[in-house]
Amino acid sequence: MKVVKLEDVLGTDQEVDDGNWVSRRLIFKNDNMGYSINDTIIRAGTETHIWYQNHLESVYCIEGEGEVETIADGKVHPIKADTLYVLDKNDEHLLRATSDMRMVCVFNPPLTGREVHDENGVYPVDNS
Ligand code: 9YT
């Protein structure tokens with residue numbers, strides 16, 4: 001087994017800053033677990049368009065407050081600590097943070113570790 005500490009990821013290339021958010025990538029594809037896990041901070045006052053067409057993602061909020069608007073139905077889902085949202089239909093959405101939000105993000109298939117969003121809020125499919 002292995003133990004991964006956030007402090008060992010900070011300041012390395014496993015810490016990916018996309019402006020609206022900074023994603024600390026704890027395990028990813030090379031760990032061969034079939035999923036990846038990030039500890040991500042969504043910065044206060046931001047709105048991010050996200051549409052993971054190639055990945056399923058579950059997001060557990062452990063700090064902060066904000067909301068998710070699902071584009072297909074226009075529903076707004078308040079998110080705060082101890083709330084999990086599950087993008088089980090590759091849902092296109094807008095993520096808005098009222099305060100800094102700390103999220104535990106699980107991706108299937110796993111991220112390679114270096115992804116940032118493209119202009120449509122998508123991470124590319126990894127065929128390697
Ligand atoms: C919650 C969310 O999807 N934020 C965007 C960043 C992404 N989850 C990541 O790579 O950690």
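Just the heavy atoms: all of them, side chains too, but no hydrogens, waters or symmetry mates, feed the values below. Atoms within a ligand are numbered from 1 in the order they appear, just like the ligands themselves. The residues of the chain are indexed from 1 along the displayed sequence.
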* Could you tell me whether some N/O pair between Ser23 and ligand 1 is separated by less than 3.5 angstrom? =>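 So ligand 1 has an N or O lying under 3.5 Å from an N or O of Ser23.
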
With atoms numbered from 1 as shown, which atoms in ligand 1 lie under 4.0 angstrom from a non-hydrogen atom of [X]?
| X | answer |
| --- | --- |
| Cys105 | 1 (C), 8 (N) |
| Leu95 | 1 (C) |
| Thr40 | 9 (C), 11 (O) |
| Asn38 | 9 (C), 10 (O), 11 (O) |
| Arg25 | 9 (C), 10 (O) |

* Pick, from Ile79, Thr48, Ile42, the option with the minimum heavy-atom distance to atom 4 (N) of ligand 1. =>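 Among Ile79, Thr48, Ile42, the closest heavy atom to atom 4 (N) of ligand 1 belongs to Ile42.
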
* Asked: Counting heavy atoms only, which of Phe107, Tyr52, Tyr60, Tyr85 is nearest atom 5 (C) of ligand 1?
  ->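 Selected option, by shortest heavy-atom distance: Tyr52.
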
* Asked: Between Arg25 and Asp31, does a salt bridge (charged side-chain N to carboxylate O under 4.0 Å, His left out) hold up when you go through it step by step?
  -> CA-CA 11 Å; Arg25 297 190 164 154; Asp31 292 288; over 6 Å; no

* To do: Ignoring hydrogens and angles, tell me if any N or O in the side chain of Trp51 forms a donor-acceptor pair with the backbone of Asn90 under 3.5 Å.
  =>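 A pair under 3.5 Å: yes.
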
* Would a distance-only check, ignoring hydrogens and angles, find a side-chain to backbone donor-acceptor pair under 3.5 Å from Ser36 to Leu111? ->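 A pair under 3.5 Å: yes.
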
* Asked: Taking heavy atoms and a distance under 4.0 Å, where does Asp18 meet ligand 1: side chain, backbone, both or neither?
  ->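 Neither part.
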
* **Nearest atoms (heavy-atom pairs only) where Lys29 meets Thr112** =>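 Taking every non-hydrogen atom into account, CB-CA, 4.1 Å.
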
* Asked: Under the 4.5 Å side-chain heavy-atom rule for ILVMFWY, direct or indirect, which residues accompany Val22?
  ->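 Result for Val22 is Ile41.
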
* To do: Could you list who else is in Ile37's hydrophobic cluster, with ILVMFWY side chains joined at under 4.5 Å, directly or through other members?
  =>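 Cluster partners of Ile37: Val4, Leu6, Val9, Leu10, Leu26, Ile27, Met33, Tyr35, Tyr60, Ile62, Leu84, Val86, Val104, Val106.
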
* Asked: Are Phe107 and Tyr52 close enough that their ring centres sit under 6.0 Å apart?
  ->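 Yes; Tyr52 has its ring centre under 6.0 Å from that of Phe107.
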
* Asked: Contact between Met101 and ligand 1, counting heavy atoms under 4.0 Å?
  ->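 Flag not set, Met101 not near ligand 1.
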
